[in-house]
Q: 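My questions all concern the structure below.
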Amino acid sequence: MRENRRKEMADYIARRQTATMHELCRVFGASMNTVRADVAFLAETGAVEKVYGGVRSAMPPEIPLFDQRAQLRTDAKLLIAKAAVSFIEDGDTLFIDAGTTCMHLLDLLGDEMHVTVITGNLHLIGQAYLKPNVELIVLPGSVNRRTNSVSDVSTLEFLRRYHFIKALMATTGLSADGQLNVSSYLDYEIKHRAIEQSEQRILLCDSAKFGAAGLLSYASLSDFSRLITDAACPNELRKLCEQSGTALTIA
């Protein structure tokens, strides 16, 4: 998908700071005309700057990857988070994943709601402090700037103690066969364990992630009772939800 390729291209350039046009053709398996069009689009958004023979990132290198992702598709992510909050009920025990969509959930949760939240998401930890009706349990671990969360091997043992009414989960990509992807083995273990110990699983995933590959698959779409995505949801994803028996909510 074009939008997904452009997002990955922006991330690639941000990590490397510079890239040649021929390098982008090779890495993304695209023609020079396609890469030129993608670079022109990214330059218009301010993500990259054109230089002789290639491009350079317009993002300063010290910005963590999480912050870069948090600036992408913010309207869609907020709508998805708002829709997800409507499925949270008073008294719920929630596992809330790390991620740039999940980070908005407590911002949107009504002050009158009494819930217990187990999370390592640093943004949510800060927001929970402002909501006295939210009982917060913080996962142990070291700060991971890539995901803006805390996690390490001790997190896995800690998670074994808890049972969740609902798990609100994220993914780095949703492949065409319904597999949910992550980029590290530790992320795989944490997410896999969280959904195993949850009665209901709700996936928050913007449509740009559909078709994106990943290093590891922590679950299948059929493991989830509901997918919440945005209005750009492609027909292929709608059909996949029908085949998987997963309810679909379009935010």
Side-chain angles (χ1 to χ4, degrees), residues 8 11-12 14-16 61-70 72 77 81 84 88 92-106 115-129 131 134-175 177-206 209 212-225 227:
E8 291 179 351
D11 288 344
Y12 179 86
R15 290 195 303 271
R16 299 201 170 230
E62 65 271 13
I63 295 179
L65 184 57
F66 178 91
D67 288 345
Q68 295 169 12
R69 297 199 319 272
L72 300 173
K77 291 172 182 178
I88 297 175
D92 273 346
T93 299
L94 308 169
F95 175 87
I96 303 183
D97 204 358
T100 56
T101 302
C102 291
M103 66 180 281
H104 299 294
L105 290 170
L106 291 189
V115 296
T116 299
V117 172
I118 296 92
T119 190
N121 186 315
L122 292 175
H123 184 87
L124 290 175
I125 292 168
Q127 287 301 309
Y129 180 79
K131 292 183 177 289
V134 173
E135 180 180 349
L136 175 67
I137 300 172
V138 179
L139 296 176
S142 303
V143 171
N144 183 334
R145 290 178 174 82
R146 182 179 58 80
T147 60
N148 197 43
S149 64
V150 290
S151 61
D152 59 25
V153 292
S154 66
T155 311
L156 301 175
E157 181 59 35
F158 190 84
L159 273 175
R160 286 197 180 99
R161 308 174 188 175
Y162 295 96
H163 174 80
F164 312 115
I165 302 298
K166 298 182 178 82
L168 297 123
M169 303 298 297
T171 183
T172 58
L174 174 55
S175 61
D177 61 355
Q179 297 302 302
L180 308 181
N181 302 316
V182 292
S183 57
S184 76
Y185 184 71
L186 182 57
D187 287 345
Y188 163 85
E189 288 285 4
I190 291 171
K191 292 178 191 292
H192 186 71
R193 185 155 296 169
I195 66 170
E196 277 190 331
Q197 296 172 212
S198 302
E199 294 180 17
Q200 300 177 46
R201 298 96 174 236
I202 301 174
L203 178 64
L204 284 60
C205 178
D206 69 81
K209 292 180 178 177
L215 179 64
L216 296 164
S217 172
Y218 78 88
S220 172
L221 186 59
S222 60
D223 295 318
F224 285 78
S225 57
L227 165 65

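A quick note: this is a predicted structure, and the numbers were derived from the prediction, not measured. Side chains included, hydrogens not; waters and symmetry mates left out as well; all remaining heavy atoms used.
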Q: List in chain and number order the residues that pass side chain to side chain donor-acceptor pair (under 3.5 Å) with Tyr12, two or more places apart in sequence or in another chain; answer none if no residue qualifies.
A: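 Arg16, Glu23.
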Q: Which atom pair, heavy atoms only, marks the closest approach of Cys102 to Leu124?
A: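 Closest approach of Cys102 to Leu124, heavy atoms only: O-CD2, 3.6 Å.
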Q: Distance-only, no hydrogens or angles: does the Asn121 side chain make a donor-acceptor pair with backbone N or O of Asp97 under 3.5 Å?
A: yes
Q: Considering all heavy atoms of both residues, which atom of Asn181 and which atom of Thr172 are nearest to each other, and what is their separation?
A: O-OG1, 2.8 Å
Q: Which heavy atom of Asp152 sits nearest a heavy atom of Ser142, and at what distance?
A: OD2-N, 3.5 Å
Q: When you compare the side chain of Thr93 with that of Tyr162, does any pair of heavy atoms fall below 4.5 Å?
A: no
Q: Is the shortest heavy-atom distance from the side chain of Leu204 to the side chain of Leu105 under 4.5 Å?
A: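 Yes; the side chains approach each other to less than 4.5 Å.
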Q: Partners of Val143 by side chain to side chain contact (heavy atoms under 4.5 Å, CB included), sequence neighbours excluded?
A: Leu122, Arg145, Val150
Q: Just verifying a value: how many Å separate Thr171 OG1 and Asp206 CG, rounded to the nearest 0.5 Å?
A: 10.5 Å
Q: Nearest 0.5 angstrom please: Ile195 CD1 to Phe224 CZ, how far?
A: 5.0 Å
Q: Out of curiosity, Gln179 CD to Leu174 CG, how far, rounded to the nearest 0.5 Å?
A: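 One gets 9.0 Å once the value is rounded to the nearest 0.5 Å.
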Q: What residues form a side chain to side chain donor-acceptor pair (under 3.5 Å) with Gln200, not counting sequence neighbours?
A: none
Q: Please find the pair of heavy atoms, one from Thr155 and one from Ser151, that lie closest to each other, and give the distance.
A: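 That would be OG1-CA, 3.3 Å.
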Q: Measure the shortest side-chain to side-chain distance between Met103 and Asn148 over non-hydrogen atoms and say whether it is less than 4.5 angstrom.
A: no
Q: Can you tell whether the side chains of Glu196 and Arg193 come within less than 4.0 Å, N to carboxylate O?
A: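 Arg193 and Glu196: not salt-bridged.
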Q: Quick one, Ile190 and Leu156 - any side-chain contact, counting heavy atoms below 4.5 Å?
A: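 Yes, at least one pair of side-chain atoms sits under 4.5 Å.
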Q: Going by the side-chain contact (heavy atoms from CB on, under 4.5 Å) test, name the single residue among Leu139, Leu136, Leu168 that passes it with Thr119.
A: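 In the set Leu139, Leu136, Leu168, the residue that makes a side-chain contact (heavy atoms from CB on, under 4.5 Å) with Thr119 is Leu136.
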Q: With rounding to the nearest 0.5 Å, note down the distance linking NZ in Lys209 to CG in Leu203.
A: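 Output value for this atom pair is 8.5 Å.
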Q: Are a donor atom and an acceptor atom from the side chains of Lys77 and Thr100 found within less than 3.5 Å of each other?
A: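 A pair is found: one side chain offers a donor N or O, the other an acceptor, under 3.5 Å apart.
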Q: Which residues pass the salt bridge (charged side-chain N to carboxylate O under 4.0 Å, His left out) test with Lys166, not counting sequence neighbours?
A: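 So Lys166 forms a salt bridge (charged side-chain N to carboxylate O under 4.0 Å, His left out) with Glu89, Asp92.
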Q: Given side chain to side chain contact (heavy atoms under 4.5 Å, CB included), test Gln197 with Phe95 step by step and report yes or no.
A: CA-CA 9 Å; Gln197 296 172 212; Phe95 175 87; over 6 Å; no
Q: How long is the gap from CG on Leu180 to OG on Ser220, to the nearest 0.5 Å?
A: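 Separation between the atoms: 6.5 Å.
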Q: Taking Asp223's backbone N and O only, do any of them form a donor-acceptor pair with Arg201's side chain (distance below 3.5 Å, no angle check)?
A: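 Flag set: sc Arg201 to bb Asp223 pair under 3.5 Å.
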Q: When you check the side-chain N and O atoms of Thr147 and Ser149, is any donor under 3.5 Å from an acceptor?
A: yes
Q: Just to verify, what does Glu199 make a side chain to side chain donor-acceptor pair (under 3.5 Å) with, not counting sequence neighbours?
A: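 Once residues adjacent in sequence are excluded, the partners of Glu199 under the side chain to side chain donor-acceptor pair (under 3.5 Å) criterion are His163.
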Q: For Tyr218, enumerate each residue passing the ring pair (Phe, Tyr, Trp, His ring centres under 6.0 Å) test, keeping only those at least two apart in sequence or located in another chain.
A: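 Partners of Tyr218 under the ring pair (Phe, Tyr, Trp, His ring centres under 6.0 Å) test: none.
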Q: What's the shortest heavy-atom distance between Ser217 and Tyr188, and which atoms?
A: O-CE1, 3.2 Å
Q: Give the minimum heavy-atom separation between Ala170 and Ala98, together with the two atoms involved.
A: CB-O, 3.4 Å
